[in-house]
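Here the structure comes first, spelled out in structure tokens, and everything after it is commentary.
Residue numbering restarts at 1 for every chain, and letters A, B, ... go by the order of the sequence lines.
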Number of protein chains: 2
Amino acid sequence: MADGPGSQGHGGELLLYLTDEQLRQGIEAMFFAYRAFTADPDRILQGLHYGRAHHRAIHFINIAPGTTVNNLLSILGVTKQSLNRVLRTLIEDGLVESKVGRADKRERHLHLTEAGAALEHQLSEAQRARMRAAYRQAGPEAVAGFRRVLEAMMDPEMRRHYSGLREARG
Amino acid sequence: MADGPGSQGHGGELLLYLTDEQLRQGIEAMFFAYRAFTADPDRILQGLHYGRAHHRAIHFINIAPGTTVNNLLSILGVTKQSLNRVLRTLIEDGLVESKVGRADKRERHLHLTEAGAALEHQLSEAQRARMRAAYRQAGPEAVAGFRRVLEAMMDPEMRRHYSGLREARG
DNA sequence: ATTGGAATGTCAACAAGGCTGACTTAAAGT
DNA sequence: ACTTTAAGTCAGCCTTGTTGACATTCCAAT
């Protein structure tokens with residue numbers, strides 16, 4: 001591994017020279033960027049007696065309408081008790097609808113109501129606005145790299161749930 | 001690659017055309033990657049009666065030894081009561097040392113003890129390992145893009161605290 | 001020297017949102 | 001018939017965030 005810092009590891013042949021300092025900067029960048037990334041929806045949710053957990057549930061129900069509780073559980077990586085607490089309030093407040101499964105009546109299929117979809121859109125638009133601004137500022141090549149690093153950082157288990165891989169990767 | 005599928009001329013200007021779907025994938029990538037990113041240190045901390053808050057305190061005390069409580073507060077973005085609870089246990093357990101300031105004796109200057117530095121290294125090494133693997137897998141160009149997007153995503157306020165900008169940006 | 005304000009620390013109470021464990025109900029699978 | 005699965009519920013615990021109130025210490029200005 002006599003490669004300099006500019007070595008190309010794209011094919012996986014040559015190794016990158018990565019100092020602890022470079023890695024540390026990446027770690028801090030993740031910390032600060034993620035905080036900013038969640039700040040906008042948090043601001044909207046605060047005062048509505050909702051939190052980040054509700055946002056996540058709403059997000060994934062919107063992505064996969066009709067998903068079951070069990071499926072949502074495995075995506076979110078929390079216990080059913082934790083999810084249930086969140087889901088119950090969303091259903092009570094009329095943002096989420098829970099329908100008994102046709103094929104398997106044990107399952108509950110989750111959908112957003114109109115009100116739920118409206119909140120989802122408000123939340124995701126706030127997040128998209130920041131993402132859009134960052135993408136524009138960084139440029140298309142940077143965006144591709146950003147996505148590549150994040151995908152490589154995920155647990156393989158979670159990569160299954162990540163919809164980005166099912167399309168637009170070629 | 002100035003005009004890949006992600007960019008498109010727009011009224012003569014070279015604006016990025018970003019679909020909601022592309023942005024959503026970026027949002028989800030952040031979610032899943034951040035979870036993976038914090039999972040390794042969380043695993044180490046669990047059972048030691050420490051949590052992510054302790055990790056963050058230890059991290060930034062290590063980066064800026066001698067930092068004051070107030071400065072740490074503004075970096076972490078939590079209340080002094082929250083930070084104090086964490087700091088107190090770290091001091092009691094002999095991981096952090098709090099020294100009264102010489103110039104201003106109201107201030108407390110924070111340092112890691114040897115034990116604290118050892119834990120810091122264990123935690124950061126776990127995180128670096130994942131980051132290193134992702135960087136190697138994605139390649140140097142992707143890493144540069146990753147950093148650029150994250151920096152653009154941060155709040156300007158927080159960019160001041162981000163050490164990555166003070167060096168290695170040319 | 002006294003006073004005002006800043007920095008720090010502490011106590012108490014509360015909420016969100018994780019967790020475990022135990023248990024029920026209903027439906028499906030065998 | 002029995003077991004397993006999906007979902008829901010109750011109770012209790014932990015971490016980590018929040019407010020509000022208050023004490024202490026010290027610097028700096030009056």
Side-chain angles (χ1 to χ4, degrees), chain A residues 31 34-35 38-39 41-61 66-93 96-111, chain B residues 31 34-35 38-39 41-61 66-93 96-110 123:
Chain A
F31 170 71
Y34 192 79
R35 245 233 312 249
T38 54
D42 282 359
R43 219 169 288 128
I44 294 169
L45 290 161
Q46 110 178 6
L48 297 180
H49 68 280
Y50 291 142
R52 216 174 278 181
H54 300 85
H55 182 189
R56 290 195 285 260
I58 287 174
H59 174 91
F60 286 106
I61 293 171
T67 185
T68 64
V69 173
N70 244 10
N71 183 43
L72 202 49
L73 239 37
S74 76
I75 292 173
L76 295 174
V78 297
T79 59
K80 67 174 173 174
Q81 293 93 328
S82 266
L83 176 59
N84 190 256
R85 176 167 37 195
V86 161
L87 231 35
R88 202 187 325 163
T89 70
L90 290 175
I91 292 168
E92 280 170 4
D93 295 353
V96 168
E97 215 179 355
S98 170
K99 289 182 191 160
V100 172
R102 268 186 303 129
D104 186 335
K105 292 178 191 166
R106 290 171 306 178
E107 295 179 339
R108 301 297 133 89
H109 298 280
L110 304 168
H111 298 265
Chain B
F31 171 71
Y34 192 79
R35 243 227 317 245
T38 54
D42 282 359
R43 218 170 287 126
I44 294 169
L45 290 160
Q46 110 179 7
L48 296 179
H49 69 280
Y50 290 143
R52 214 174 279 181
H54 300 85
H55 181 190
R56 290 196 286 260
I58 288 174
H59 174 91
F60 286 106
I61 293 171
T67 186
T68 63
V69 173
N70 243 13
N71 183 44
L72 203 50
L73 237 39
S74 75
I75 293 173
L76 296 174
V78 297
T79 59
K80 65 176 174 174
Q81 292 92 330
S82 263
L83 177 58
N84 189 256
R85 176 168 38 199
V86 163
L87 234 33
R88 200 189 328 160
T89 70
L90 291 174
I91 292 168
E92 280 170 4
D93 296 353
V96 168
E97 215 179 353
S98 169
K99 288 181 193 162
V100 172
R102 269 185 303 129
D104 185 339
K105 292 177 191 166
R106 289 169 304 179
E107 295 179 340
R108 300 298 132 91
H109 297 279
L110 304 168
L123 293 169

With no hydrogens and no angle check, just 3.5 Å: does a side-chain donor-acceptor pair link Asp42(B) and His55(B)? no

Are Thr89(B) and Asp93(B) linked by a side-chain donor-acceptor pair shorter than 3.5 Å?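 No.
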
Between the side chain of Arg35(A) and the main-chain N/O of Leu76(B), is any donor-acceptor distance below 3.5 Å? yes

Main chain of Asn71(A), side chain of Ser74(A): is a donor-acceptor contact present, judged purely on distance under 3.5 Å? yes

Nearest heavy atom decides the nucleotide; on that basis, is Thr79(A) or Asn71(B) closer to the 5' end of DNA chain C?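 Whichever sits nearer the 5' end wins; that is Asn71(B).
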
Report the residue (His54(A) or Glu107(B)) whose heavy-atom-nearest nucleotide on DNA chain C is the more 5′ of the two. Glu107(B)

Mind calculating the distance between [atom1] ([X]) and [atom2] ([N]) to the nearest angstrom?
X: Arg35(A); N: dT16(D); atom1: CZ; atom2: P; answer: 15 Å
X: Arg43(B); N: dC19(C); atom1: CZ; atom2: P; answer: 14 Å
X: Leu83(A); N: dG18(C); atom1: CG; atom2: P; answer: 9 Å
X: Gln46(B); N: dC19(C); atom1: CD; atom2: C1'; answer: 10 Å
X: Asn84(A); N: dT25(C); atom1: CG; atom2: C1'; answer: 14 Å
X: Leu73(A); N: dG17(C); atom1: CG; atom2: P; answer: 16 Å
X: Lys99(A); N: dG8(D); atom1: NZ; atom2: P; answer: 15 Å
X: His55(B); N: dG17(D); atom1: NE2; atom2: C1'; answer: 19 Å

If you check every side-chain atom of [X], which of [options] has the closest atom?
X: Lys80(A); options: dC26(D), dG17(D), dC23(C); answer: dC23(C)
X: Ser82(B); options: dG17(D), dG18(C), dT9(D); answer: dG17(D)
X: Ala53(B); options: dA28(C), dG17(D), dC26(D); answer: dG17(D)
X: Arg52(B); options: dT18(D), dT16(D), dC26(D); answer: dT16(D)
X: Asn70(B); options: dG18(C), dA7(C), dA28(C); answer: dA7(C)

With a 3.5 Å cut-off and heavy atoms only, can you find an N or O donor on one side and an acceptor on the other between the side chain of [X] and the base of [N]?
X: Gln81(B); N: dG20(D); value: yes
X: Lys105(B); N: dT25(D); value: no
X: Arg108(B); N: dT8(C); value: no

Indicate, with a heavy-atom threshold strictly under 4.0 Å, whether [X] touches base, sugar-phosphate, or nothing.
X: Gly77(A); value: sugar-phosphate
X: Ala57(B); value: nothing
X: His109(A); value: nothing
X: Arg85(A); value: base

Nearest-nucleotide wise, let me know which of Gly51(B) and Arg102(B) is further upstream toward the 5' end of DNA chain D. Gly51(B)

Tell me the closest heavy-atom pair linking Leu48(A) and Ile44(A), and the distance in Å.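 Heavy-atom minimum between the residues: CD1-O, 3.5 Å.
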
Tyr34(A) vs Phe31(B), test: ring-ring contact (aromatic ring centres under 6.0 Å, His included). Steps then yes/no. CA-CA 8 Å; Tyr34(A) 192 79; Phe31(B) 171 71; 7.8 Å; no

